[in-house]
Amino acid sequence: MRVRIRVRYNAPHMRRFDYFAPTSVEEAVSLLQERGDGARLLAGGTDLLVQMKEAGVHPSAVVSLHAVDELRGISDESDGGLRIGARTLMNDVAAHETVRGAYTALAEGAGVLGSTQTRNMATIGGNIANAAPSADTAPPLAVFDAEAEIAGPGGTRTLPVIELFSGPGSTTLETAEVITAFRLPAVPDHTGSAYQRHTPRKTMDIATVGVSVKLTLADDGSIGDAAICLGAVAPTVIRAGEAERALAGETPSDELFASAGELAQAAASPISDVRGSAEFRRYLIGVMTRRCLGIALERAQA
Amino acid sequence: MTTAETTTETPREASALEKVTVRYTINGEQREVEIAPNRTLLEVVRDELRLTGAKEGCGTGDCGACSMIVDGKLITSCLMLAPQADGSEITTIEGVAQDGKLHPLQQQFIDHGAVQCGFCIPGMILAGKALLDSNPAPSELEIREAIAGNLCRCTGYTKIVEAIAAAAD
Ligand SMILES: Cc1cc2nc3c(=O)[nH]c(=O)nc-3n(C[C@H](O)[C@H](O)[C@H](O)COP(=O)(O)OP(=O)(O)OC[C@H]3O[C@@H](n4cnc5c(N)ncnc54)[C@H](O)[C@@H]3O)c2cc1C
Ligand code: FES
Ligand code: FES
């Protein structure tokens, strides 16, 4: 005999919704269009399900992307760049040979996110679309000038990843738009990059500050091009433009990197929260920018 | 909310009553079940398939007590919608012992006294299994990183790490 047990959960719960599992991007877009503002895309669910259980997010329709195969995987582009499907898992990004070799900062960002379990579910598209200022793949994608490929009711468009963010948790994506991939331009020779974050706990924590840096050296060993992007210190991830310009054309040195760190500090508008005060965050930006520049330099020289 | 009541609640909209059929190969056995799509894999495995080894600790991906291996990947089943796993091969703690014989990991957890209250242990064993399946000779650091998403309130982790290392030998 089957006994019916009445289970009472204290654990958080989700309200009901209509569920769709399209098999193409086109189908996903038309479902989103049909269902309007009440519909939400679901990729790995590591942000959305938490929000549905705990943060009062109650979509009337959930459109899951797990059966849309075209969104998955990493491929070389004919121009030497790399294309990463939006539905690619963090662990697959972190382990990919070309990502580790040429886009090291991105492998580092994807590799520190959450736990093994989180990285086996979380997608790179979800990390960007969720638009947390602390998103660990956002600063690395920004220093490589990655572009997002976006499909919507009116066709497709591309946009620099950094222009997707409009505030904490909000993007410039229109209703019924789906990020399909990220395109990373080819990386010139003598380029090195790094991503580091500071967290109160070593793992399973969200960045207090995240810093990503990319350096390309000229033939004479001076800095040809520098990119710096800061996470968790402003409403969106931000490029430290003045620091970047101060580095270009200069010979790398500890003093130069220290002064770039100071310029990066000035670019930020950090807040105080449980993970650290604004003052501590500002201090960290200086230290971590300097440190990341050192690591990126070593990698560029290798 | 109770599982028995899901069909008798007043629906928010007509289509919200709709159920979906999902098929899993769970611990080698084919199972098919009809469910409301807002249920997690964890809820369906525990409440419908009656495999209660996986536990719900936090429900938000932080504790690892609900860990399962889905299509070869360790995941937290509290953050996976049951229909997202449709067609998948799933291993829960109930499927780790084979032919009535404990898996080396299970035996080593016992031998090392790595189990206290036991709440975290199904997830710990599956995290250990997922690690050893891909990396048969992990370092201590690799073991600690592999179980970083599994919280234990009792043991202080040392004996768990030792048990996983011993199972790797
Ligand atoms: C335990 C735990 C630890 C975590 N640790 C970290 C961490 O260290 N660092 C970090 O950055 N994050 C962390 N996160 C947050 C989360 O895992 C990441 O942001 C993850 O990358 C989100 O991806 P997802 O596929 O799970 O997104 P989902 O939850 O499926 O979606 C997130 C949002 O993006 C939208 N979306 C998803 N895909 C697309 C797409 N292709 N086009 C348009 N919109 C889309 C969804 O509608 C939703 O609004 C953690 C989460 C958990 C549960
Ligand atoms: S219950 Fe799933 S991680 Fe805690
Ligand atoms: S043995 Fe009690 S939580 Fe781990």
Side-chain angles (χ1 to χ4, degrees), chain A residues 2-21 35 38 42-55 58-67 89-92 95 111-122 126 201-206, chain B residues 1-6 9 11-13 15-20 36-40 42-43 46-47 50 56-64 66-87 123 126-127 130-131 144-151:
Chain A
R2 180 141 185 244
V3 183
R4 279 271 177 190
I5 299 173
R6 298 206 147 206
V7 187
R8 287 217 174 270
Y9 290 105
N10 293 318
H13 245 79
M14 284 175 287
R15 288 198 194 157
R16 301 225 181 129
F17 46 78
D18 293 334
Y19 175 78
F20 302 95
R35 298 299 306 243
L42 172 67
T46 59
D47 279 316
L48 186 61
L49 259 61
V50 175
Q51 290 159 8
M52 286 167 66
K53 288 177 172 196
E54 293 203 317
H58 303 301
S60 59
V62 169
V63 178
S64 172
L65 295 174
H66 77 275
L89 301 176
M90 287 300 171
N91 266 339
D92 294 335
V112 294
L113 183 147
S115 62
T116 308
Q117 288 93 322
T118 323
R119 293 190 298 275
N120 277 336
M121 306 173 83
R201 289 174 66 201
K202 198 162 172 192
T203 56
M204 291 294 282
D205 208 340
I206 302 297
Chain B
M1 165 174 126
T2 69
T3 49
E5 282 169 359
T6 45
E9 266 175 41
R12 233 166 290 282
E13 54 186 273
S15 52
L17 259 182
E18 263 177 44
K19 291 198 164 193
V20 294
N38 66 336
R39 304 188 62 196
T40 63
L42 177 64
E43 290 167 347
R46 285 182 55 88
D47 302 343
R50 311 303 297 171
E56 180 149 39
C58 62
T60 52
D62 296 299
C63 77
C66 65
S67 297
M68 295 180 190
I69 298 177
V70 175
D71 291 334
K73 291 185 192 312
L74 186 75
I75 56 98
T76 43
S77 60
C78 68
L79 290 186
M80 186 172 274
L81 287 185
Q84 283 188 293
D86 187 24
L126 286 166
L131 171 67
R144 288 191 179 272
E145 276 173 354
I147 61 167
N150 295 76
L151 299 184

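Residue numbering restarts at 1 for every chain, and letters A, B, ... go by the order of the sequence lines. Because only heavy atoms are used, hydrogens play no part in the values below, and waters and symmetry mates are left out as well, while side chains stay in.
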Should Leu79(B) and Gln117(A) be marked as a side-chain contact (heavy atoms from CB on, under 4.5 Å) after you check the CA-CA gap, both sets of side-chain angles, and the distance that decides it?
CA-CA 10 Å; Leu79(B) 290 186; Gln117(A) 288 93 322; over 6 Å; no
Run the side-chain contact (heavy atoms from CB on, under 4.5 Å) test on Asn38(B) and Met52(A) for me, step by step, so that the C-alpha distance in whole Å, both residues' side-chain angles and the decisive distance to 0.1 Å come before the verdict.
CA-CA 10 Å; Asn38(B) 66 336; Met52(A) 286 167 66; over 6 Å; no
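With chain B as partner, the option from Val62(A), Thr46(A), Leu42(A) having the largest number of non-hydrogen pairs under 4.5 angstrom is Leu42(A).
Residue Ser64(A) touches chain B through its side chain alone, counting heavy-atom pairs closer than 4.5 Å. Heavy atoms of Ser67(B) lying under 4.5 Å from chain A belong exclusively to its side chain. Proximity to chain A (any heavy atom under 4.5 Å) is restricted, for Leu151(B), to the side chain, taken from C-beta onward. At a 4.5 Å heavy-atom cutoff, the contact between Leu81(B) and chain A is made by backbone and side-chain atoms alike. Heavy atoms of Leu89(A) lying under 4.5 Å from chain B belong exclusively to its side chain.
Here the CG atom belonging to Asn120(A) is positioned 11.0 Å from the CG atom belonging to Asp71(B), to the nearest 0.5 angstrom. Of the inter-residue distances, the one linking Thr60(B) atom OG1 with Asp47(A) atom CG reads 11.5 Å to the nearest 0.5 angstrom. Residue Thr76(B) holds its OG1 atom at 4.5 Å from CE of Met121(A), rounded to the nearest 0.5 Å. A distance of 7.0 Å separates CG in Asn91(A) from NZ in Lys73(B), rounded to the nearest 0.5 Å. Here the CG-CG distance, from Asp62(B) to Asp205(A), works out to 10.0 Å after rounding to the nearest 0.5 Å.
Taking both residues in full, the closest heavy atoms of Ser115(A) and Gly149(B) are given as CB-CA, 3.4 Å, listed atom of the first, atom of the second, then distance. Of all heavy-atom pairs spanning Pro37(B) and Phe17(A), the tightest one is O-CZ, 3.4 Å.
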